[in-house]
Amino acid sequence: MEYTENTIDKIKGKKILVVSFTAMTPHLETSLEVSRRLSKNNLIEYVHLGKHVTRPTMYSKLFIKRKIQMPIRVRRVRNYLEKYSNKQSKIKWIKTAKLSSINESRTVKYNFQTLKELQILKFKNYNIGVGVASTIITDLADPDPFPLEKKVLNEIKQQIKSAKISIDLAELILKNNTYDAIVLFNGRMTCEHAFKQVAKSKGVKIYFHERVKNNTRFFFEDYQPHIFDKRKEEMKQMKKEIPNKVINRIGEDFFKRKVKGDGVFELSYTKDQVTNTSEKLKTILQINNDKKIISYFTSSDDEYQSIDGVSSRYPFFKDQRSAVKDIADLASSLNYFLIVRVHPNLQTKSLEEINRWSELSVYIKKKGFHWVSQKDPESTYDIINKSSLIISAGSTVGVEAAYLGKKSIVITNCFYNGVIPSVVLAERKEDLRRCLCNSDINESIDPEDTYIYGVWIMNNGPQFQYYVPLHEYSVLYGLMKDGTRIANPGVFQWYIELIKYLLGIGFKNFENVGRL
């Protein structure tokens with residue numbers, strides 16, 4: 001059900017170019033959804049540029065996949081769009097054979113030694129470094145991959161080459177500036193970020209599409225999905241337009257299920273945790289029963305580490321780990337007891353990132369505080385309930401804490417501070433000290449204040465009309481509504497993954513192979 005009018009349905013009488021550099025589910029299929037939806041009231045042209053760059057967005061680096069598998073998927077895209085293009089919904093396919101000359105040999109000169117130096121890299125006076133950095137961080141699952149290994153440096157060179165080609169492609173395609181708007185995936189990755197720079201310079205309006213946590217919907221706006229203040233405006237608008245009884249019903253159901261360990265909108269990270277406090281933590285809490293308990297919950301910074309227009313995720317801290325050190329120092333000086341709960345998804349990050357947090361654990365333990373590692377089954381919600389105050393970097397646990405009646409502090413701008421009244425933003429160490437000193441553990445917090453976040457998570461973005469996800473949580477599987485397979489893995493891919501599983505080099509769980 002749609003509770004608010006969506007941006008995609010408001011656009012009328014425009015000439016719009018949908019640009020794609022990817023060949024992965026669900027992003028490729030979403031570009032088709034967007035094209036068909038917009039074609040009802042606009043003139044749509046579609047161009048796929050993946051074959052012209054050395055690194056198509058979020059796609060395999062293997063030469064054979066780029067040269068054989070990707071063209072097959074792109075051909076399916078063209079066939080699908082031509083099938084549904086008619087007088088009422090005109091979608092023009094842009095042929096790109098004449099653009100092949102752009103993919104010429106390019107030398108990549110570099111002198112960057114840090115992430116910030118990479119981020120300011122330019123080509124033809126257009127920034128390309130932010131997109132390259134964002135892509136490398138995502139690929140490596142490492143928010144700071146410097147100093148670079150040789151293979152990583154070589155990959156960065158390929159990303160830089162792709163960014164330069166994307167600039168040239170954008171200049172050629174937008175040369176006569178006949179479009180009212182273009183549509184790109186996300187906007188933060190190498191090719192899209194580069195293409196976006198040229199569109200901006202020509203004054204062309206840009207819309208972005210992206211997956212959302214709820215697999216039945218997608219993001220479509222004229223701003224990127226990681227711009228927190230814009231996303232908060234969505235929640236505020238929902239609060240105005242949706243009746244309170246509906247907000248309360250959806251929000252209450254969301255949080256009740258969430259704190260029980262249900263996935264709700266994503267695979268639950270808490271379903272395998274113990275129900276009650278472990279004996280170890282019980283003993284520790286008993287020893288420190290005369291102290292106020294504060295808990296910090298870590299989160300992943302990968303997606304937010306290199307965003308156009310955002311200079312730093314932590315403008316007043318060096319990074320999240322530095323902030324945790326400062327919190328530990330404050331807790332020690334105030335005679336509080338600190339628990340640090342590491343997010344379970346740290347297990348999926350790079351070894352370098354895991355080691356950085358492991359080094360921090362030594363510091364925290366030396367302070368006499370308790371560290372709950374990413375593999376520890378200690379209950380997240382039990383820790384929340386036993387704490388007087390919760391601190392986070394804006395992860396969902398921060399709003400869950402508010403729902404459970406706990407004072408919640410975030411150390412960086414996020415999706416919900418400024419929307420949920422009881423959540424306090426403390427971006428500086430002095431702000432943290434003031435919050436910790438002035439925190440009233442008896443302050444009454446209304447759980448209903450958090451409900452709008454649950455409503456937003458479950459209902460932001462338009463519902464798919466032409467694409468059908470095939471898995472409750474994973475975004476990697478789906479078909480078009482008419483049964484057309486675009487990029488969803490087929491039988492051949494299933495056998496490959498099965499062989500990799502048997503060899504111990506692929507999926508660790510056979511259920512994941514089965515879902516293919």
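Heads up: numbering here begins at 1 and tracks the sequence. Side-chain atoms are counted along with the backbone in the values below, which use heavy atoms only and exclude waters and symmetry mates.
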For the pair [X] and [Y], find out whether any cationic side-chain nitrogen is under 4.0 Å from an anionic carboxylate oxygen.
{"X": "Asp262", "Y": "Lys260", "answer": "no"}
{"X": "Glu155", "Y": "Arg55", "answer": "yes"}
{"X": "Asp253", "Y": "Lys256", "answer": "no"}
{"X": "Glu430", "Y": "Arg433", "answer": "no"}

Minimum side-chain heavy-atom gap [X]-[Y] below 4.5 Å:
{"X": "Asn127", "Y": "His193", "result": "yes"}
{"X": "Lys365", "Y": "His370", "result": "no"}
{"X": "Phe255", "Y": "Val399", "result": "yes"}
{"X": "Lys407", "Y": "Ser388", "result": "no"}
{"X": "Trp371", "Y": "Val340", "result": "yes"}
{"X": "Pro143", "Y": "Asp302", "result": "yes"}
{"X": "Phe337", "Y": "Phe369", "result": "yes"}
{"X": "Phe218", "Y": "Val34", "result": "yes"}

Crowded around [X] [atom1]? As in, over 12 foreign heavy atoms under 6.0 Å?
{"X": "Lys291", "atom1": "NZ", "result": "yes"}
{"X": "Lys280", "atom1": "NZ", "result": "no"}
{"X": "Lys367", "atom1": "NZ", "result": "yes"}

Distance-only donor-acceptor pairs under 3.5 Å for side chains of residues 356-363, two or more places apart:
residue	atom	partner	partner atom	Å
Arg356	NH1	Asp142	OD1	2.6
Arg356	NH1	Glu353	OE1	2.6
Arg356	NH2	Asp142	OD1	3.3
Arg356	NH2	Asp142	OD2	3.4
Arg356	NH2	Asp144	O	2.6
Trp357	NE1	Glu353	OE2	3.1
Ser361	OG	Ser358	O	2.5
Tyr363	OH	Asp329	OD1	2.6
Tyr363	OH	Asp329	OD2	3.4

Which atoms form the tightest heavy-atom contact between [X] and [Y], and what is the distance?
{"X": "Pro344", "Y": "Gln273", "answer": "CG-NE2, 4.2 Å"}
{"X": "Ala23", "Y": "Leu28", "answer": "CA-CD2, 3.8 Å"}
{"X": "Arg313", "Y": "Gln305", "answer": "CB-OE1, 4.1 Å"}
{"X": "Ser422", "Y": "Ile445", "answer": "OG-CG2, 3.6 Å"}
{"X": "Ile384", "Y": "Lys406", "answer": "O-CE, 3.3 Å"}
{"X": "Arg341", "Y": "Pro377", "answer": "NH2-C, 4.1 Å"}

*Contact list for residues 388-400, test salt bridge (charged side-chain N to carboxylate O under 4.0 Å, His left out), sequence neighbours left out*: Lys258-Glu400
Keeping [X] on the side-chain end and [Y] on the backbone end, is there a donor-acceptor pair under 3.5 Å?
{"X": "Glu427", "Y": "Phe316", "answer": "no"}
{"X": "Glu29", "Y": "Met480", "answer": "no"}
{"X": "Ser162", "Y": "Thr54", "answer": "yes"}
{"X": "Arg428", "Y": "Asp431", "answer": "no"}
{"X": "Tyr336", "Y": "Leu436", "answer": "yes"}
{"X": "Thr25", "Y": "Asn488", "answer": "yes"}
{"X": "Ser134", "Y": "Val130", "answer": "no"}

Distance from [X] atom [atom1] to [Y] atom [atom2], nearest 0.5 Å?
{"X": "Leu140", "Y": "Leu351", "atom1": "CG", "atom2": "CG", "answer": "12.5 Å"}
{"X": "His27", "Y": "Leu32", "atom1": "NE2", "atom2": "CG", "answer": "13.0 Å"}
{"X": "Leu118", "Y": "Leu148", "atom1": "CG", "atom2": "CG", "answer": "8.0 Å"}
{"X": "Met70", "Y": "Ile64", "atom1": "CE", "atom2": "CD1", "answer": "13.5 Å"}
{"X": "Thr216", "Y": "Asn459", "atom1": "OG1", "atom2": "CG", "answer": "8.5 Å"}
{"X": "Ile137", "Y": "Asp301", "atom1": "CD1", "atom2": "CG", "answer": "9.5 Å"}

[X]-[Y] side chain donor-acceptor pair, cut-off 3.5 Å:
{"X": "Lys349", "Y": "Ser300", "value": "yes"}
{"X": "Thr298", "Y": "Gln320", "value": "no"}
{"X": "Ser395", "Y": "Ser299", "value": "no"}

_side chain to side chain contact (heavy atoms under 4.5 Å, CB included), that's the test. Do Glu149 and Glu352 meet it? Break it down for me._
CA-CA 12 Å; Glu149 296 180 4; Glu352 290 76 12; 3.7 Å; yes
Report all side-chain donor-acceptor pairs from residues 446-456 shorter than 3.5 Å, counting only partners two or more places apart or in another chain.
residue	atom	partner	partner atom	Å
Asp446	OD1	Glu448	N	3.0
Thr450	OG1	Pro447	O	2.6
Trp456	NE1	Glu234	OE1	2.9

*Please name all residues satisfying side chain to side chain donor-acceptor pair (under 3.5 Å) with Lys386, sequence neighbours left out, ordered by chain then number.*
Thr277, Asp382
*Check side chain to side chain donor-acceptor pair (under 3.5 Å) between Asn345 and all other residues, then give those that pass, not counting sequence neighbours.*
His343
*Check step by step if side chain to side chain contact (heavy atoms under 4.5 Å, CB included) holds for Lys232 and Tyr416.*
CA-CA 7 Å; Lys232 283 185 268 198; Tyr416 52 80; over 6 Å; no
_Aromatic contact, Phe464 with Tyr467 (centres under 6.0 Å)_ = yes
*Which is it for Phe220 and Tyr207 under the ring pair (Phe, Tyr, Trp, His ring centres under 6.0 Å) test, yes or no, and what are the steps along the way?*
CA-CA 7 Å; Phe220 184 90; Tyr207 292 97; 5.2 Å; yes
*Passes side chain to side chain contact (heavy atoms under 4.5 Å, CB included), Glu221 versus Arg231? Steps please.*
CA-CA 10 Å; Glu221 295 292 348; Arg231 306 310 304 273; over 6 Å; no
*Does the pair Thr135 and Thr190 meet the rule for a side chain to side chain donor-acceptor pair (under 3.5 Å), with working shown?*
CA-CA 6 Å; Thr135 301; Thr190 293; 3.0 Å; yes
*Determine, step by step, whether Tyr59 and Arg73 satisfy the side chain to side chain contact (heavy atoms under 4.5 Å, CB included) criterion, reporting the C-alpha distance in whole Å, the side-chain angles of both residues, the deciding distance to 0.1 Å, and the verdict.*
CA-CA 12 Å; Tyr59 192 67; Arg73 293 181 175 182; 3.7 Å; yes
*Can you sort out the partners of Tyr296 under ring-ring contact (aromatic ring centres under 6.0 Å, His included), two or more places apart, ordered by chain and number?*
none
